[in-house]
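Computed from a prediction, not measured in an experiment: that's the story for all the values here.
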Amino acid sequence: MNIKSLSGIVTATPTPIKNGSVDVESVRDLARYLVAQGTSALAPIGGTGEYVSLGDSQKLEMVRCTVEAVDGAVPTIAGLIAPGLGEAIDAGKRILRAGADGLLVTTPFYVRPTQEGIVEYFKALSDTLDADLVLYEFPYRTGVSLTAETVQKLGETTRIMAMKACNADTGLQMRVIEAAGDKISILSGDEDVYPLHIAAGARGGLIASSCIVPRIWHKITALVLANELNQALELHAKIRPFLKLLFSEHNPVPLKAALKILGRPCGEPLLPLLNASAETEAQLSKMLPEILALEASMVA
């Protein structure tokens, strides 16, 4: 698998911090487990990786540890969340020197640029950074939605090879797939409606819960691609209550709590995020055994 032909399940991973530094053993344990489960790529230091709360040295350490752990088995696509071009270029160069195979880049935020401004922004990144890019559209955080025409233009004029699409407008998602799906790999970032995105032509997903249930996500994908949409929806319905709980507090708060319960501790959330509530932890402890039993029952 490489970024130019990205498909299947890409896993967004949390950042385990211990005594101010990245917990190397925790990174290696989770990364190697996910590779063994068939992940197509790992995406550290994105939103799930708490990019905005990490120091520069912590971000680079997390990237280096992930690259070392996967040892070339799958690409490492590191997050890059920046409000403007100067910061994005500087951070991107550092992250690439740390070993990342590509960058998962959000659209600029705070200034809320025009569609034309976003195209020029990614052209500038493409001209400056020697790396393939994965576009991350998340209007809930950035305040700007991309039109299907803009995504098509980005696929034609920049080094964007794939896209994590997190737009709640399902109709728009379908238009994006129709306009640009032959130019870049559209990956669903919406776990709640994932099977529908695959049925519409998305090539996979970039999702955080695959840290816990990778086999289920692989199975849902395979069922849709085999024209077994009803079965895929039935399986997806079984995990939707778990997904709702996993995002009941700001990501990755419940995810880190769940991984701790499962014996894969990833440290505490970083300020300004706090630990999961006692209620969330109790619900996770109650729900996880059933979810893990379902996960264990999955066969290729």
Side-chain angles (χ1 to χ4, degrees), residues 1-12 39-43 46 74-82 85 88-89 92 96 100-109 113-139 141-142 144-191 193-207 217 221-222 224-225 227:
M1 182 64 62
N2 59 60
I3 298 173
K4 290 181 173 64
S5 59
L6 205 57
S7 63
I9 301 300
V10 177
T11 303
T39 191
S40 296
L42 294 185
V74 299
T76 296
I77 306 171
L80 176 54
I81 302 173
L85 184 61
I89 289 174
L96 292 171
D101 299 293
L103 298 170
L104 173 65
V105 188
T106 61
T107 55
F109 58 91
T114 63
Q115 300 291 299
E116 293 80 6
I118 290 172
V119 171
E120 293 303 316
Y121 173 82
F122 278 100
K123 283 182 180 179
L125 286 181
S126 298
D127 290 341
T128 308
L129 299 176
D130 186 17
D132 291 331
L133 308 177
V134 178
L135 170 65
Y136 186 1
E137 188 209 18
F138 199 2
R141 301 288 180 204
T142 64
V144 176
S145 292
L146 300 181
T147 66
E149 294 75 19
T150 295
V151 177
Q152 180 181 19
K153 186 176 295 185
L154 288 168
E156 294 170 343
T157 62
T158 74
R159 293 192 63 169
I160 290 172
M161 301 296 166
M163 174 184 183
K164 179 180 181 181
C166 290
N167 198 309
D169 185 338
T170 303
L172 174 60
Q173 296 283 45
M174 295 180 70
R175 292 193 295 275
V176 166
I177 292 169
E178 291 169 359
D182 62 334
K183 299 172 180 63
I184 62 177
S185 295
I186 308 295
L187 304 177
S188 174
D190 192 335
E191 301 178 31
V193 294
Y194 176 82
L196 302 182
H197 286 168
I198 298 299
R203 300 185 195 178
L206 203 163
I207 46 186
W217 285 114
T221 306
V224 178
L225 294 177
N227 294 318

Trace of the side chain to side chain contact (heavy atoms under 4.5 Å, CB included) decision for Leu135 with Thr107: CA-CA 7 Å; Leu135 170 65; Thr107 55; 4.0 Å; yes
Check: Thr76 main-chain N/O paired with Asp101 side-chain donor or acceptor under 3.5 Å: yes
Check: Thr39 side chain, Ile9 main-chain N or O, donor-acceptor pair, under 3.5 Å: yes
Minimum-distance pair of heavy atoms, taken over all atoms of Ala180 and Val151: CB-CG1, 3.7 Å
Step-by-step side chain to side chain contact (heavy atoms under 4.5 Å, CB included) determination, Thr128 to Leu85: CA-CA 10 Å; Thr128 308; Leu85 184 61; over 6 Å; no
Check: Arg175 side chain, Glu149 main-chain N or O, donor-acceptor pair, under 3.5 Å: no
Carboxylate-amine/guanidinium contact Glu156 Lys153, below 4.0 Å: no
Atom of Asp132, atom of Arg159 and distance for their closest heavy-atom approach: OD1-NH2, 3.4 Å
Thr106 side chain vs Ile81 backbone, donor-acceptor pair below 3.5 Å: no
Test item: Ser185 side-chain N/O and Leu6 main-chain N/O as donor-acceptor pair under 3.5 Å: yes
Min side-chain heavy-atom separation Leu96-Asp130 under 4.5 Å: no
Asp190 CG to Gln173 CD distance, which is reported to the nearest 0.5 Å: 7.5 Å
pair Leu125-Leu133: side-chain heavy atoms closer than 4.5 Å: yes
Pairwise distance CG(Leu146) to OH(Tyr136) - rounded to 0.5 angstrom: 13.0 Å
For the student: nearest non-hydrogen atoms of Pro139 and Asn167, plus distance: CG-ND2, 3.6 Å
Rounded distance (nearest 0.5 Å) linking atom NZ of Lys164 with atom CD1 of Ile186: 14.0 Å
Partner residues of Tyr194 under the ring pair (Phe, Tyr, Trp, His ring centres under 6.0 Å) criterion, sequence neighbours left out: Trp217
Check: Gln152 side chain, Thr147 main-chain N or O, donor-acceptor pair, under 3.5 Å: no
Results of ring pair (Phe, Tyr, Trp, His ring centres under 6.0 Å) for Tyr121 - residues two or more places apart only: none
Candidate pair Lys183 and Leu154, rule side chain to side chain contact (heavy atoms under 4.5 Å, CB included), full reasoning: CA-CA 9 Å; Lys183 299 172 180 63; Leu154 288 168; over 6 Å; no
Taking every non-hydrogen atom, the tightest pair across Ser40 and Gly8: OG-CA, 3.8 Å
Minimum heavy-atom distance between Leu172 and Ala148, given as atom pair plus value: CD1-N, 4.1 Å
